[in-house]
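The sequence lines fix the lettering, A, B, ..., with proteins before strands; numbering per chain opens at 1. No experiment lies behind these values; they were computed from the predicted model shown. Heavy-atom basis, side chains included; hydrogens, waters and symmetry copies ignored.
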Amino acid sequence: MKDKILTFVMIGIIALMGNWIGYNVSPIDALPGMMIIVAVTILGFFFAKIFPIKLPTVIWVSMLALLITTPIFPGNESIVKVTEQVNFMALATPILAYAGLSFGKDLKEFKKLGWRIVVISLVVYTGTFLLSTLVAEIGFRLTGKFH
Amino acid sequence: MQENSLRNWKIHLFVLILVCLTEFIGVKTFNIGIGAIALFPMLYALIIGAIISLPSLKILKLKEMNIAANILGISFMLFVAKLGMLMGPSLPKIFEAGLSLGLQEVGHFAGTILLGLPIALLLGMKREAVGATFSIDREPNLAIIAEKYGSDSPEGRGALGVYVCGTLFGALYLSVLASFMAQTGWFHPISLAMGAGVGSGSMMAAMSGALAVIFPESAKDIAIFAGAANLITTILGTYICVFFSLPFTNYLYKKLEPILGRKSKQDQMKNI
């Protein structure tokens with residue numbers, strides 16, 4: 001747990017730098033928001049660990065984040081206001097940087113694959129994206145929402 | 001995952017440099033004739049990071065790459081927290097889109113099978129096709145296949161192949177695809193955002209990034225709806241894969257294989 005907390009703090013600091021360079025929000029303005037984001041994440045991991053019924057961490061983190069920003073939660077407006085200082089794209093950049101740095105480890109496995117499976121992978125990802133977008137679009141056109 | 005498998009200053013330092021450099025470069029769009037490709041910081045970070053990790057360059061050790069992968073696994077939770085905080089105030093709007101949001105999940109789960117399975121059969125794959133196309137083959141899906149058929153079965157090899165390709169190229173490929181689909185003008189940004197909730201963190205992040213670059217005025221809505229769809233896909237994922245996706249893929253395989261499958265048996269096995 002201690003290493004996880006340290007890692008989140010580390011990523012938080014890196015994201016604050018990205019948020020500063022890419023979105024012109026000074027780290028001092030974004031710090032309170034980032035602290036809330038890190039705190040909610042750590043709490044999510046904590047609940048996932050102690051709760052008797054095992055639920056995935058992602059559900060705990062999402063539900064906590066949702067809860068404290070819904071209009072029914074006291075002080076939600078100020079939480080929303082400070083966390084808005086952290087751009088969601090700024091938080092995604094370090095994540096994809098870690099993804100990039102782990103690329104090499106699967107390369108050996110990849111070289112063993114045939115071309116068919118590579119083609120099918122792209123088809124599979126295209127299928128899930130295309131069909132769900134299409135269904136959502138049809139849904140919106142039928143109900144007239146967002147159009 | 002071992003706790004000490006997260007500690008590595010070299011990796012964090014590389015990420016810090018990558019983030020500063022790529023955020024400094026910022027968003028660039030290139031027109032390549034059939035449409036513009038949107039390039040943005042997280043995509044550069046992914047590509048430059050991948051180059052740094054190339055084994056032939058000997059910059060990172062395998063152990064360090066594994067640590068980067070472990071950090072990736074938990075770092076996504078910060079992004080989930082941020083998305084949750086965007087969603088909270090917009091809950092009424094999310095519920096308003098509830099019907100489309102619910103229905104499009106059918107597209108997420110059926111899309112891999114309906115498009116993937118026939119093409120896999122046409123290319124001459126046999127039982128590998130079931131593992132490859134029943135889902136997007138992320139970790140939870142691999143576990144389902146391994147439990148039912150074993151990791152070294154044809155189904156297991158098919159699933160693992162898509163898993164490896166997805167880990168390496170999924171985010172990059174999908175963000176380019178999202179860019180192109182956004183530029184056709186056929187889809188509302190929110191429809192595309194829901195489509196981006198494929199159930200993988202890095203893929204969803206890269207896709208919503210691409211969409212946000214093309215529709216800057218809808219950036220917040222894109223994050224909200226991509227996050228909501230991704231959350232539903234993740235929560236329902238395991239159950240739907242066990243009770244619907246896998247039986248349905250097997251059913252379709254039985255129906256389609258005699259029609260689309262290639263006769264020669266020598267094709268199978270060796271090309272996975």
Side chain from CB out, backbone as N, CA, C, O: work out which of these in [X] comes under 4.5 Å of a heavy atom of chain B, or both, or neither.
{"X": "Val80(A)", "answer": "side chain"}
{"X": "Phe73(A)", "answer": "neither"}
{"X": "Val40(A)", "answer": "side chain"}
{"X": "Thr143(A)", "answer": "side chain"}
{"X": "Asn76(A)", "answer": "neither"}
{"X": "Pro94(A)", "answer": "both"}
{"X": "Leu142(A)", "answer": "neither"}
{"X": "Ile138(A)", "answer": "neither"}

Heavy-atom donor-acceptor pair, Lys82(B) side chain to Val86(A) backbone, under 3.5 Å
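Judged by distance alone, yes, a pair lies under 3.5 Å.
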Taking the basic N atoms (NZ, or NE/NH1/NH2) and the acidic carboxylate oxygens, is any pair closer than 4.0 Å for Glu84(A) and Lys220(B)?
yes
Can you tell me which of [options] forms the most heavy-atom pairs within a distance under 4.5 Å of chain A?
{"options": "Met87(B), Glu64(B), Met77(B), Met194(B)", "value": "Met77(B)"}
{"options": "Ser202(B), Gly116(B), Ala68(B)", "value": "Ala68(B)"}
{"options": "Thr112(B), Val15(B), Leu16(B)", "value": "Val15(B)"}

I need the [X] [atom1] to [Y] [atom2] distance, nearest 0.5 Å.
{"X": "Arg157(B)", "Y": "Leu113(A)", "atom1": "CZ", "atom2": "CG", "result": "11.5 Å"}
{"X": "Leu96(A)", "Y": "Leu18(B)", "atom1": "CG", "atom2": "CG", "result": "11.0 Å"}
{"X": "Leu72(B)", "Y": "Ser102(A)", "atom1": "CG", "atom2": "OG", "result": "5.5 Å"}
{"X": "Tyr163(B)", "Y": "Ser121(A)", "atom1": "OH", "atom2": "OG", "result": "13.0 Å"}
{"X": "Ile71(B)", "Y": "Tyr98(A)", "atom1": "CD1", "atom2": "OH", "result": "5.0 Å"}
{"X": "Arg116(A)", "Y": "Leu122(B)", "atom1": "CZ", "atom2": "CG", "result": "11.5 Å"}

Under 4.5 Å from any heavy atom of chain A - which part of [X]:
{"X": "Ala229(B)", "result": "neither"}
{"X": "Ala206(B)", "result": "both"}
{"X": "Leu99(B)", "result": "side chain"}
{"X": "Leu192(B)", "result": "both"}
{"X": "Phe79(B)", "result": "both"}
{"X": "Ile11(B)", "result": "both"}
{"X": "Thr133(B)", "result": "both"}
{"X": "Ala110(B)", "result": "both"}
{"X": "Leu103(B)", "result": "both"}

I'd like to know whether the aromatic ring centres of Tyr125(A) and Phe169(B) sit less than 6.0 Å apart in this structure.
no
If you apply the rule side-chain hydrogen bond (donor to acceptor under 3.5 Å, both in side chains), what do you find for Glu105(B) with Ser132(A), and how did you get there?
CA-CA 6 Å; Glu105(B) 285 301 331; Ser132(A) 52; over 6 Å; no
